[in-house]
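Numbering of ligands and ligand atoms starts at 1, following listing order. Bear in mind that the values here come from a model prediction, so they are computed numbers and not experimental data.
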Amino acid sequence: MIIKLLYTIIICQLLACGNTKEPVSNSPAEDSVEVELNKEVEIIGLLYHRFNESKYPSTSISKVLFRQQLSYLKKNQFEVLNFSDAILKLRSKDTQGKYIVITIDDAFNSFMEHGFPIIKEFGFPATLFINTETVGSGDYLSWNDLKILAENNIEIGNHTHTHDYFLDMDTASRQQTFFEDVYLAQELIKSNLNLKPSVFAFPYGEFDEGMIEIVKKMGFIGAAAQNSGVMSVYSDLYALPRFPMTDHYGKLELFSEKISMKALPVIRKVPSSTISQINPPVLKLILGHVELDFNQLQCFIQGGNCDVTQSGNDPYTIQISTNQKLGSRRHLYTITVPSKDNNQWYWYSHQWVFPADK
Ligand SMILES: [Zn+2]
């Protein structure tokens with residue numbers, strides 16, 4: 001009862017509900033959102049889940065391939081950062097270059113057994129996003145394991161307590177439920193590891209604007225989504241893209257292609273939301289004026305291609321559509337396009353979510 005009351009007070013402060021005063025700001029994050037982002041920095045986020053668990057092909061990567069990927073990074077002298085340092089680079093005005101971030105979601109045992117020893121061997125940092133409800137049960141790491149990882153250059157991030165499908169919840173209660181869940185995870189990490197995570201990852205990469213506001217106001221400096229793409233000045237710091245890395249999508253040839261991508265400069269997208277009431281949805285993008293060879297532009301959705309039309313007056317305004325109804329919960333529209341001199345490819349993707357009907 002007391003905990004419930006505490007939650008209600010805090011959520012009211014965060015959401016400025018009732019008669020409460022100004023929303024609480026407990027970190028520099030809220031102010032820093034306005035800081036001009038660094039145009040010279042691009043960061044490739046890599047997203048892993050399970051290691052050497054071939055019975056989960058959609059989320060697992062073999063030890064052999066993971067080692068090959070890290071060898072490639074080392075050989076090509078990429079600088080690898082953890083997620084919070086990547087965000088600081090994006091916010092910084094005086095750094096430049098291309099960086100890599102290794103992130104692992106869900107904290108399965110196989111990370112400790114197969115993934116972490118390889119990361120340690122290469123001396124790279126990484127960020128592990130943990131959902132606290134399952135810690136120590138089934139095939140999830142224990143608090144003791146997490147403590148060892150945290151002492152060995154693995155940053156711990158918040159991935160909620162329950163790892164729930166928050167978008168399936170009633171919109172009236174969603175924000176409060178989400179806040180309570182993230183808050184509880186933060187408390188458990190603090191009491192078990194004596195750490196206060198500064199970064200967050202949305203379960204399944206699903207969110208709405210209200211959830212992003214809560215993550216900002218709780219003091220996190222940035223958050224990860226699950227659509228593929230390159231982090232840059234054009235990214236929302238609270239919905240940063242990551243390339244999923246599995247045995248299929250992480251094959252060395254594809255891996256080297258993806259880490260050589262640049263961020264397509266999307267100045268504005270309509271709609272801004274990932275949730276669509278219309279199926280199939282239409283996405284409009286307004287692009288920055290970099291030199292692009294639009295003749296080679298490609299558009300993909302799962303299992304096929306999508307259609308792209310350019311506005312008659314302005315080739316940098318494009319509309320993406322498909323005539324097929326999208327059949328499952330989450331879909332990506334992915335765009336790739338080369339520079340005019342063909343030396344560089346740009347990448348952008350937008351995730352659509354169709355929450356379960358209520
Ligand atoms: Zn997850």
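- For NZ of Lys147, the number of neighbouring non-hydrogen atoms (other residues, nucleotides, ligands) closer than 6.0 Å is 12 at most.
- Neighbouring protein atoms of the Zn ion (ligand 1) (N, O or S, distance under 2.8 Å, waters ignored): Asp106 OD1, His159 NE2, His163 NE2.
- Proximity of the aromatic rings of Phe83 and Phe129 is defined here by a centroid distance below 6.0 angstrom, and this criterion is met.
- Between Tyr204 and Tyr165, the ring planes are parallel. Angles under 30° get that label, and only those over 60° would be called perpendicular.
- Ring centroids of Phe51 and Tyr56 are separated by 6.0 Å or more, keeping the two rings apart.
- Relative ring orientation between His331 and Phe354 is described as perpendicular, the plane-to-plane angle rising above 60° on a 0-90° scale split at 30° and 60°.
- Centroid-to-centroid, the aromatic rings of Phe202 and Phe200 come within less than 6.0 Å.
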